[in-house]
Number of protein chains: 4
Amino acid sequence: MAKGVNKVLLLGNVGKDPEIRATAGGTQVASFTLATADRAKDAQGNWADKTEWHNLVAFNRTAEIVRDYVKKGTQLYIEGKIQTRSWDDKESGQKKYRTEILVNEMTLLGKPGEGGGSSGGGYSKSNTASYDQRTPASSSQPDYADTGITDDDIPF
Amino acid sequence: MAKGVNKVLLLGNVGKDPEIRATAGGTQVASFTLATADRAKDAQGNWADKTEWHNLVAFNRTAEIVRDYVKKGTQLYIEGKIQTRSWDDKESGQKKYRTEILVNEMTLLGKPGEGGGSSGGGYSKSNTASYDQRTPASSSQPDYADTGITDDDIPF
Amino acid sequence: MAKGVNKVLLLGNVGKDPEIRATAGGTQVASFTLATADRAKDAQGNWADKTEWHNLVAFNRTAEIVRDYVKKGTQLYIEGKIQTRSWDDKESGQKKYRTEILVNEMTLLGKPGEGGGSSGGGYSKSNTASYDQRTPASSSQPDYADTGITDDDIPF
Amino acid sequence: MAKGVNKVLLLGNVGKDPEIRATAGGTQVASFTLATADRAKDAQGNWADKTEWHNLVAFNRTAEIVRDYVKKGTQLYIEGKIQTRSWDDKESGQKKYRTEILVNEMTLLGKPGEGGGSSGGGYSKSNTASYDQRTPASSSQPDYADTGITDDDIPF
DNA sequence: TTTT
DNA sequence: TTTT
C-alpha cells in the first residue's frame, strides 16, 4: 500500500524525437520532452498561451513503445511521478538538480500530418522509429551515463 | 479549501452527438456519453478491449463549448467530479440512481475524419454544431426536465 | 499501453464497516462506501457542505488491506476506475445500473478517535478486523452473488 | 478551455515551517517543501522507503491558509501544476533551473502530535502561524526577490 | 452511512 | 527537511 501520493498527469506534444539508450544490463531507457500548453493571464491581463516544458523518462516496455511510436510532435497523455536527481557539477562545483517525470502509463493521441489522433489512441503502426542506442557524444544535460547509473540503480 | 477530493479524469470518445438544453433561467446544459477503452484480461486470460461508458454533463460556458465543438466520435479529455442523483421511479415505485460526471475542464483532441487530433488541442472551428434546445419527446433516461430541476437547483 | 483513461481519485471517509466476501475461487472482495465532502453554493448562494457517496470495491491484496485496516469512519485516499454494472431487475423487469469504483491504490489517512491520521499512512496495527466470509443472507443491493459473478468474470 | 494538461497530485508531509512573503503589491506567497514517501525495490530487490522532495508555492488565499494552518510535519494533499523557472546564475554564469509545484487546491490531513488527521480536513484552529513578511537575508535558493518578480508577473 |  |  502506498504511503504517499506522487502523481503527474500531462497531455501535450513531444518536443523532439526521443533519445533511446540502454543500460549496461540492457534495460531500455527513453528520454524526451513534452510541452504542455496553458492559457494564463499576462502582466497586462490578457490571455496568453504559455508553454511549460517537461523532461520525461521511460524504462523497459514503455521505453520500447516510445522508441517505436513517439516522435517529435506526437500528442501524448502520460501518467507518472516526479523525481528530482541531483549531482555535483564538476566544472562549477555547484549542486545541480534535474526534475524528471518517470512515465508509468502512456496513451498516444496523434501526430501532426496524420489522422491518428482521432482514432481512440490511434497511431500508425508504420510509425516505427528505428532503434537508436547511441549515447550522445557530448551532452550538457546530465544523463544516466554521466551519473554512473547502472542497472542495479533502477528501482523496479 | 476543499474538505475532500472527488476527481475524475477520462480520455475517450463521445458516443453520440451531445444533447443540449437550457434551464428555465437560461443556463446551458450539455449531456453526452463518453466511452473509455481499456485492455483487460478476459475469463480465458486473453487481453481483450473493454469499453466503459460514462454519462457526462456540463453547464454554462463548458456546455457551450460542447455544443459548438463536440460531436459523436470526438476524442476528449475531461476532468470532473462524480455525482449520483436519485429519484423514485413513478412506474415501479423503485428508487433509481444515475451516476454522472460533472465536467469541469475539457480538452478536445480530435474527431474521426479530421486531422484535428494531432494539433495540440486542435479541432476545426467550422465544427460548430447548431444549437438544439429540443427536449427529446420521450426518454427512458431521467433528465433534468423529468426530475423538475430548475436553475435554483444548480449548485454553482 | 492504455487506449483510454478512466481514473478516479477520492479522499473521504468510509461510511460503514466494509463488507468482505470471497468468490467461489477464493478471491477476496471488499465492498464499502466512501463519503467525499465538498463545499458548493446552494440555491440561495450560500456555501454549504455537500456529501457525495461512492460505492467502492476492492479485490485480492487490496481487499485484504481493507479487511484488516479499514473501518467505519476511516479517512482514505484511493485511486481507481469507474465501472457500471447492469442487470435486469427480477421484480420490476427494469434494467438497473450500479456504478462502482474499482480501487487500484489506497492510502490510509486515519480514523476518528485515533492519532493515526498524522502518521503518513498511519493506522493502528491493532485495528485488524476479523475476516468475514459471510455472504449477506439478503441484500437489496445487487452483489456479485446476485449477478452470478464467478472468479472467471474478474478481469485481472 | 485548456489546451493541454499539466496536473500534479501529491500527498505527503511538510518538511519545514512554510516561508511566507508578500510581493510589493501585497500578494501573499507561501513556499514550502513536501515529502512524498514511496516504496520501491532497491538494488538488492528489497522494498525500501524512498522519499521524494517537492518545492511548493502558493499564492493569495491559498498562501494565507498555508500561513495559518500548515507547519513542519503537516500531512497535506495538494493539486497543482508543474512550473520550471530558469535564470542565469551570477556566480558561475550557468543556466539554472528550479522546478516548483504551483498549488491550486489543498486539503489538510493532520499534523503529528494532534488528532487532527482523522477529522476529515482536521487541524487545530489554534495552529495559526504568525505572519512573516521577512525576505531571507541571504538565500542560496533563487526566490522571487532574486529574480525580480513583481505582482505584474504573477499570471492570474 | 462518514466527517467537521 | 517530513513521516512511520
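Letters A, B, ... mirror the listed sequences (proteins, then strands); counts begin at 1. Only heavy atoms go into these numbers, but all of them, side chains included; no hydrogens, no water, no symmetry mates.
As a whole-Å value, the separation of D/L56 CG from F/dT1 C1' is 13 Å. For C/L109 and E/dT2, the CG to C1' distance is 14 Å, given to the nearest whole Å. Going from atom NZ of A/K95 over to atom P of F/dT1 covers 12 Å, rounded to whole Å. Between the NZ atom of D/K50 and the P atom of F/dT1 there is a distance of 19 Å, given to the nearest Å. Remark: P of E/dT3 and NZ of C/K16 are 13 Å apart, rounded to the nearest angstrom. In this structure, C/F32 atom CZ and E/dT2 atom P are separated by 16 Å, rounded to whole Å. At whole-Å resolution of the value, CD in C/Q75 and P in E/dT2 are 15 Å apart. Rounded to an integer number of Å, the gap from CG of C/N13 to P of E/dT4 is 7 Å.
Ring-centre distance between C/Y97 and B/Y97: not below the 6.0 Å cut-off.
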Inset, instruction - Go through D/T33 and D/L56 one step at a time and tell me if the side-chain contact (heavy atoms from CB on, under 4.5 Å) criterion holds. - result: CA-CA 6 Å; D/T33 55; D/L56 277 62; over 6 Å; no

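One cannot find a donor-acceptor pair under 3.5 Å joining the base of E/dT2 and the side-chain atoms of C/K72.
Among the heavy atoms of the strands, none lies under 4.0 Å from D/T36.
Closest to the side chain of A/K3, from the set E/dT2, E/dT1, F/dT3, is F/dT3.
Side chains of C/Q83 and C/N6: a donor-acceptor N/O pair is absent below 3.5 angstrom, by distance only.
Remark: ring of C/W53 not stacked against base of E/dT2; the cut-offs of centroid gap under 5.5 Å and plane tilt under 30° are not jointly satisfied.
DNA chain E is contacted by both C/H54 and C/D49; C/H54 maps to the nucleotide lying nearer its 5′ end (nearest heavy atom per residue).
Atom CD1 in C/I65 sits 5.0 Å away from atom CE in C/M106 (nearest 0.5 Å).
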